Every structure is written in structure tokens, then in C-alpha cells.
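Computed from a predicted model, the values in this text were never measured in an experiment.
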2 protein chains.
Amino acid sequence: MSGEGRVHVTVGDVAREAGVSVATAARALGDYGSVSAKSRARVEQAAASLGYSPNMVARSMITGSTKTIGVIVADIENQFFQRVLRGITHITSERGYDLVLANTDESLDRERRALRVMTSRRVDGIILSPTEVADTQEIRAVAESGVPIVLIDRRLRGVNVDSVGIRNRGATYDATNRLISLGHKHIAVITGGTAESAPVLKNATVATLRRLSATTLGTRTAGYREALEAAGLAYRSDFVAANGFRQEDARAATVAFFALPDPPTAIIAFDSLLSLGVLQGLRDVGARSPDDVSLIGFDDAPWAEVVDPPLTVIGQPTLEIGVQAATLLLDRLAGRGRAHVHHRLETTLIERGSVGLPRLNGVPTGPRAGL
Amino acid sequence: MSGEGRVHVTVGDVAREAGVSVATAARALGDYGSVSAKSRARVEQAAASLGYSPNMVARSMITGSTKTIGVIVADIENQFFQRVLRGITHITSERGYDLVLANTDESLDRERRALRVMTSRRVDGIILSPTEVADTQEIRAVAESGVPIVLIDRRLRGVNVDSVGIRNRGATYDATNRLISLGHKHIAVITGGTAESAPVLKNATVATLRRLSATTLGTRTAGYREALEAAGLAYRSDFVAANGFRQEDARAATVAFFALPDPPTAIIAFDSLLSLGVLQGLRDVGARSPDDVSLIGFDDAPWAEVVDPPLTVIGQPTLEIGVQAATLLLDRLAGRGRAHVHHRLETTLIERGSVGLPRLNGVPTGPRAGL
DNA sequence: CTGTTAGCGCCTTCAC
DNA sequence: GTGAAGGCGCTAACAG
């Protein structure tokens with residue numbers, strides 16, 4: 001084999017070949033400073049014939065910028081993050097930035113590790129979806145060391161960085177209310193969540209929920225609780241499933257709901273993977289939606305329209321979240337300093353076929369029962 | 001603000017604080033060479049108190065390795081690549097490699113650009129899913145420059161690199177055959193594909209299809225054609241839709257099929273996003289599966305079980321594809337030179353509810369009609 | 001417009 | 001086991 005040694009052509013090589021100094025070659029190649037048309041042509045010709053490829057790592061050493069954005073997501077298999085990711089690349093790739101990707105799988109330890117990796121790689125900025133139990137301390141340390149961070153999906157109290165997400169409490173409040181207005185009195189939620197957060201999500205007061213550090217699950221649960229309260233409905237902790245983020249977890253939770261003496265007549269799932277699990281759980285127990293149980297999911301996944309029944313969802317502007325996060329970050333990198341902002345985007349309740357009147361002993365009932 | 005200047009602590013700083021030489025500090029910090037327990041403790045203490053973070057870019061300059069893998073996928077929103085990506089990270093993150101991600105959206109131009117970016121960033125290796133019309137030349141050049149490449153999903157003729165994928169021709173042949181054995185005579189395929197590849201996919205001979213440079217769509221189409229031929233069924237180019245990879249494209253193609261005087265009684269979609277589009281298209285025209293049309297998709301997506309009807313699919317071992325690709329790459333990086341290999345993994349036809357007997361004027365028919 | 005020179009932060013001989 | 005010095009490829013001053 002010939003090229004095995006991975007010997008790279010350097011600016012010096014190109015300079016020699018072109019018969020100019022390294023500085024001139026570098027200027028032509030790096031497209032900065034001023035070079036005469038003749039020199040530039042000679043350099044470009046030499047570069048082409050030698051197969052020169054600029055060495056970004058050497059360049060980064062000097063400029064102090066890697067032109068790299070670190071993206072740390074909770075779960076790459078979640079539709080939400082894929083869309084966000086695409087939104088991010090729309091913006092970053094245009095402006096010459098590349099992405100280093102890390103997955104946390106909702107593990108705090110991996111989140112810390114990812115943060116250290118990004119620091120070590122000297123990324124210019126970080127877009128992060130913090131885990132529910134995020135280490136505020138570490139994130140703040142990174143931010144204070146001068147690396148801009150934009151939080152997506154979740155916001156962290158006590159950390160002064162930009163964030164982009166949705167109005168979680170309002171969206172969940174409205175969805176719950178929609179079910180209540182149909183006559184539902186037994187409404188359950190599947191929050192996702194981990195072993196650490198489960199007891200809090202299930203038992204804390206609404207006030208506490210609203211004060212949690214990572215706020216998505218907390219505020220969504222708070223919105224649900226508040227809607228219940230406003231309607232004078234009793235809150236039941238056994239109607240809150242917080243046993244994991246995976247599809248299988250939601251499936252198990254759904255099956256468990258139907259093992260209750262009085263199963264819920266409606267379920268809200270806090271993300272699209274969880275919705276899928278609920279759908280599977282319903283099949284497992286032979287329950288039909290919307291006849292036996294109404295279902296509202298989060299995120300308008302590409303499959304939401306074609307499942308059985310077509311899923312009513314709280315649609316999030318996922319692409320836009322990515323776009324705004326990247327824009328915020330790049331603007332800050334461009335030196336446009338300003339106060340930190342928290343963008344809360346609007347959601348839309350997309351009504352399809354999975355919501356109906358509550359059943360009562362197998363017979364649909366509610367405000368319009370008997371019509 | 002205090003830490004705004006992004007001043008990083010260097011080994012030199014740590015050395016001074018610890019009262020040792022830079023070399024000793026570097027050895028302790030980089031965990032190489034030999035350092036006395038006492039020095040090591042002092043250095044570690046100093047590093048912690050100063051908040052030292054190793055500079056990977058400087059380290060890369062010296063070692064010649066960035067500990068980075070470039071991953072270039074055709075479409076991050078495709079379930080296939082997400083699973084593959086997860087398989088990749090399983091392996092790479094364990095071994096201390098991070099991922100730089102690039103999307104091509106099936107654009108040849110973006111593929112070239114991504115390849116250049118990866119080269120410029122001096123990634124240690126590349127995992128690439130080439131576009132259908134891949135630039136063999138450029139890929140070969142990168143490979144020959146000494147950067148190991150592993151191809152996933154698609155294989156390229158004339159490029160001597162490792163690849164991991166499935167037995168495309170066999171899988172499609174079998175699926176087509178399954179439909180034929182049920183009595184289907186009008187079987188259509190939705191291939192994805194772009195404007196460039198469409199005429200070839202539709203009109204080329206089987207022999208030509210099998211000789212295309214990028215081979216997934218070509219060999220799948222070939223498998224389909226061969227099954228048709230073996231059964232003595234006529235091939236119709238209007239039953240081959242190659243009008244794009246997006247969900248909407250498949251939807252439109254499906255609607256177009258049903259505008260034909262004699263619509264197909266069965267459809268095979270070449271990836272999961274396309275399957276979703278077919279499902280939507282069927283809703284658009286008011287056709288039901290499997291009564292009006294049988295449907296087989298590629299990839300066992302998480303939603304396949306809960307759509308209406310539950311989707312029969314050709315399941316690919318996606319996670320395993322990622323795992324094997326990463327393993328092949330890392331092994332090669334570890335210097336274990338060997339001949340290039342092409343791993344063809346097995347697929348499984350997962351039968352659910354979307355395949356049935358062919359309809360005939362609205363009445364299901366076929367070998368078992370009337371039972 | 002062009003060339004020379006001095007590092008960026010780290011690893012790696014090479015002496016000691 | 002430790003320290004001093006050189007250099008990876010490039011850019012940024014500074015002269016000319």
C-alpha cells in the first residue's frame with residue numbers, strides 16, 4: 001500500500017511547490033489577509049496537485065475556535081431530538097460549524113462525562129438537553145468557564161444560560177382540561193422519569209413540583225395537577241406512572257393501570273415513545289381507544305396519523321426549537337452579548353381520533369352521553 | 001463577568017502550582033510514562049484546584065489521533081440510521097471515541113462536503129452511508145489517504161473498504177415471493193431514490209441493476225424483478241415509484257398507484273419512512289390494508305406494531321449493523337490490518353396484519369379464496 | 001503584497 | 001523518576 005502512513009500535506013509543502021512563503025500560502029489557503037491573484041493561483045494549483053487538506057486541529061490551536069458545537073441529548077432514539085437535531089444542523093452547517101454528538105440516556109453520570117468531553121474538545125458552544133436530575137453545579141461551571149450553553153426542552157433553575165422549550169405547564173393544563181370538559185374524572189399520566197424522580201413526581205405538592213431544578217416533567221405534572229384541582233377532581237398518585245422513559249416502561253405502566261379496580265378513562269403520555277408504549281399496553285389488555293380510554297400524546301410524530309386510532313397529540317415546534325437554540329448559540333459566539341433569554345414556544349393540540357367521552361362500565365358517557 | 005476570556009488552565013499552570021516540571025505534570029495528567037505516587041498526588045491536587053481540563057486539540061496535534069469518528073448518514077430522521085447510530089455509540093464511547101455527525105440528505109454534493117470536513121478535522125475513521133449516486137472517486141481517495149472507512153447500508157462497487165449491510169436482494173426476493181405465493185400478480189415497489197436514479201431503477205435490466213455502483217436500491221429492485229421473473233409475472237415500470245425518500249413522496253406515489261386503471265394489489269416499501277407514507281396514501285384514497293392492498297415495509301420501526309393494520313416488515317438488525325461497523329473500524333484503527341470484509345446480515349420477515357390475499361374487484365381472492 | 005519569526009498546548013525524545 | 005528542549009501545522013504579528 002502506498003498512502004498508508006497517513007502523511008498529510010502541509011501548508012509548507014504547498015508553499016514550496018508554489019514557490020512562495022508559508023505565510024503567503026497560508027493566506028491563500030485560509031482565505032485571509034491579502035494575496036496577489038498570481039500567488040493565489042499558484043498556491044491553489046499547488047494545493048490541488050498535492051492534494052492539500054487544511055488541518056483544522058492545527059488551525060484550532062491558533063484561533064482558539066474549533067468551529068464545533070457539542071450537542072448532548074437525552075435520547076437519540078426519541079423523535080423529538082431527531083427533529084431538534086435537524087433544526088440545529090440547518091443553522092450550524094450553513095455557518096460552517098460541525099456537531100459533536102453525545103447521548104446521556106437520562107443518566108446523570110453520562111451527562112457529566114459528556115460535558116467534560118465537550119470541554120476537553122474545546123467545542124465553541126454546547127446545546128444540551130439536561131437530564132431530569134441534572135447536575136446544575138457542573139453545567140454552571142462550564143457556562144462560567146466561558147463556553148456558551150443553550151438548554152433545550154428542559155430549563156434549569158439557578159443556571160444562568162439561554163434556553164428554548166415550550167410552555168410545558170400550560171400545554172399539559174390545557175390537555176388535561178380538554179379531557180375534563182369531556183367528562184373524564186379518572187385521568188392518568190405517564191411521565192417517563194427515573195427511579196430518582198418517581199417519588200417526587202408522584203407525591204410532591206404542586207408548589208414543590210414547580211420548584212424542581214429540571215422542570216419539564218415537573219411542570220408538566222404540575223399543569224396536570226392544577227387542572228385537576230381547578231375542576232375539583234381528586235389527585236391520585238397511583239394515576240401517575242413515572243417508571244422510565246422507554247417504550248416498554250410505558251407499556252408496563254399501561255397494563256398496570258388496567259389492573260387497578262378502577263382504571264383511568266384517559267391517559268396523557270409525556271413523549272412520543274411513551275405514547276407508543278401506551279398503545280401497545282392497550283393492545284395487551286384488549287382495551288380500545290377512544291372507546292375504553294382516551295389518549296393524548298406529546299409530540300406530533302410522523303406515525304401519529306396512521307396508528308389505530310389516529311393519535312391526538314400536543315404538537316411541539318421541534319424543528320423550530322433546534323433552529324432557535326442554534327441561532328441563540330451562534331449569535332452569542334458571534335459576540336453579540338446580551339442578557340440570557342428563555343424562549344417558550346407555543347404548542348398546538350392536534351385533535352385526531354384517540355380522544356372521546358369517558359366510558360362507564362363499558363358504556364361511553366359524559367356531557368353528551370345518550371345523544 | 002470573570003471567566004469570560006475563556007482562559008484555559010494548561011499543564012504548565014498545573015506544573016507550577018504542583019511544583020514539578022511540565023513533563024512530570026503532563027505524565028501524571030496524561031497517564032503515561034512513570035511518575036512517583038507523591039508527584040502524581042501533588043499534580044492531581046493542583047489540577048483539581050485549578051480546574052484543569054486536558055486540551056484534546058493540542059493532544060491531537062502531537063499524537064496524530066483525534067479520537068474521533070466521522071459519521072455521515074443519509075437521513076438522521078430515518079429510524080434506520082438512529083438505531084445504527086446507537087449501535088455505533090455503544091462501541092465507540094466505550095473505547096473513548098466521540099462522534100462528529102454529518103447529514104447528506106441523499107445529496108451527492110453534501111456527501112462530498114462531509115467527506116472533506118471529516119478529512120480536515122482529521123477524524124481517525126469514517127462510517128458512511130453513501131448516497132445512491134455516490135462519488136466513488138472521492139471516497140476511494142479518502143480511503144487511500146489512509147483514513148479507514150466502513151460503509152453501512154450500502155455497498156459500493158470498485159471501492160475497497162469494509163462494509164456492513166444486509167442481503168438486500170435476497171430479502172426483497174423473499175418478500176416479493178411471499179406476496180406471489182398468496183396469489184398477488186400486481187405488485188408495486190416504492191424505492192425512494194432521487195431524480196438521478198429514477199430512470200435507471202424503472203427501466204434498466206436486472207443485470208444492469210445488479211451492477212450499479214451504490215447497490216441498496218438497485219439490488220432490492222433486482223430482487224423484486226427476479227422474483228417476478230421466476231414466477232413468470234410481467235414487469236411493469238409504472239409499478240416502480242422512485243420519486244424521493246420522504247414520507248410525502250411515498251404518499252404521493254401511493255395515491256398515483258391508485259389513479260391507475262388497475263392499481264397494484266400489493267406494495268413493498270423500501271424503508272420505514274416510505275411505509276408511513278404509503279399508509280397515509282392509502283388513507284387518502286380510502287383504501288384499506290390488507291383487504292384492498294397488501295403492504296410490506298422495510299425496517300421494524302417502533303410504531304410498526306400499532307399502526308392500522310399492524311405492519312408486516314422485513315426486519316433488519318439495525319443495532320447490530322452499527323455495532324459491527326464500529327467494531328470493524330476500531331479494530332482497523334487498532335492496527336489489526338486484514339483484508340477488507342463485507343458483512344451481509346440476515347433479515348427476518350416479521351408477519352403482522354398488512355398482508356393478505358389479493359382483492360379482485362373489491363372481493364379478496366387468491367389460492368385460498370372462498371375459504 | 002510578501003516573508004520571517006514566534007508561539008498555541010501538549011507529548012516525546014534525551015539526558016540526568 | 002524527573003527535567004529541558006524540540007516540534008506537530010498553522011496563524012498572527014511584525015518588518016520589509
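For A:R122 against C:dG9, a side-chain-to-base donor-acceptor contact under 3.5 Å is absent. A donor-acceptor contact under 3.5 Å is formed by the side chain of B:R27 with the base of D:dG3.
Nucleic acid contact class of B:V57 (heavy atoms, under 4.0 Å, all strands): none. When heavy atoms are screened at a 4.0 angstrom cut-off, B:V22 is found touching no nucleic acid atom at all. B:S60 comes within 4.0 angstrom of no nucleic acid atom, judged by non-hydrogen atoms across all strands.
For the pair B:K38 NZ and D:dG1 P, the computed distance is 14 Å after rounding to whole Å. In this entry the distance linking CZ of A:R59 with P of D:dG9 reads 15 Å, nearest Å. If you measure from atom CE of A:M61 to atom C1' of C:dA6, you get 13 Å, rounded to the nearest angstrom. Going from atom OH of B:Y32 over to atom C1' of C:dT13 covers 11 Å, rounded to whole Å. The NZ atom of B:K67 sits 18 Å away from the P atom of C:dC10 (whole-angstrom rounding). Counting to the nearest Å, the P atom of D:dG9 and the CZ atom of B:R121 are 18 Å from each other. Atom P of nucleotide C:dT12 and atom CG of B:L29 are separated by 14 Å, given to the nearest angstrom. A:D13 has its CG atom 8 Å from the P atom of D:dG9, to the nearest Å.
Between A:A23 and B:T24, the residue anchored closer to the 5' end of DNA chain D is B:T24, taking for each the nucleotide with the nearest heavy atom. Nearest-nucleotide positions on DNA chain D for B:S34 and A:V11 put B:S34 closer to the 5' end.
Minimum atom distance to the side chain of B:S39 is reached by D:dT2, of the listed D:dC10, C:dT2, D:dT2. Listed nucleotides: D:dC10, D:dA4, C:dC10. Nearest to the side chain of B:S21: D:dA4.
Using a 4.0 Å cut-off, some side-chain N or O of B:S36 falls inside it from OP1 or OP2 of D:dT2.
Between B:L128 and the options B:T104, B:I139, B:I152, a side chain to side chain contact (heavy atoms under 4.5 Å, CB included) holds for only B:I139.
Within the 4.5 Å cutoff, no side-chain heavy atoms of A:L329 are placed close to those of A:Y97. Side-chain contact between B:K67 and A:R121 is present, with heavy atoms from C-beta onward closer than 4.5 Å. Taking 4.5 Å as the limit, some side-chain heavy atom of B:V142 sits within range of a side-chain heavy atom of B:T119. Contact annotation: the side chain of B:N55 never approaches that of B:T10 to less than 4.5 Å [non-hydrogen atoms, C-beta and beyond].
Between the two ends of the helix from C:dC1-D:dG16 to C:dC16-D:dG1, each summarised by a five-pair axis, the helix axis turns through 30° (rounded to 10 degrees).
Electrostatic pairing of B:D124 and B:R332 does not count as a salt bridge here, judged by no charged N lying under 4.0 Å from a carboxylate O.
Not a single donor-acceptor pair under 3.5 Å links the side chain of A:D105 to the backbone N or O of A:S107.
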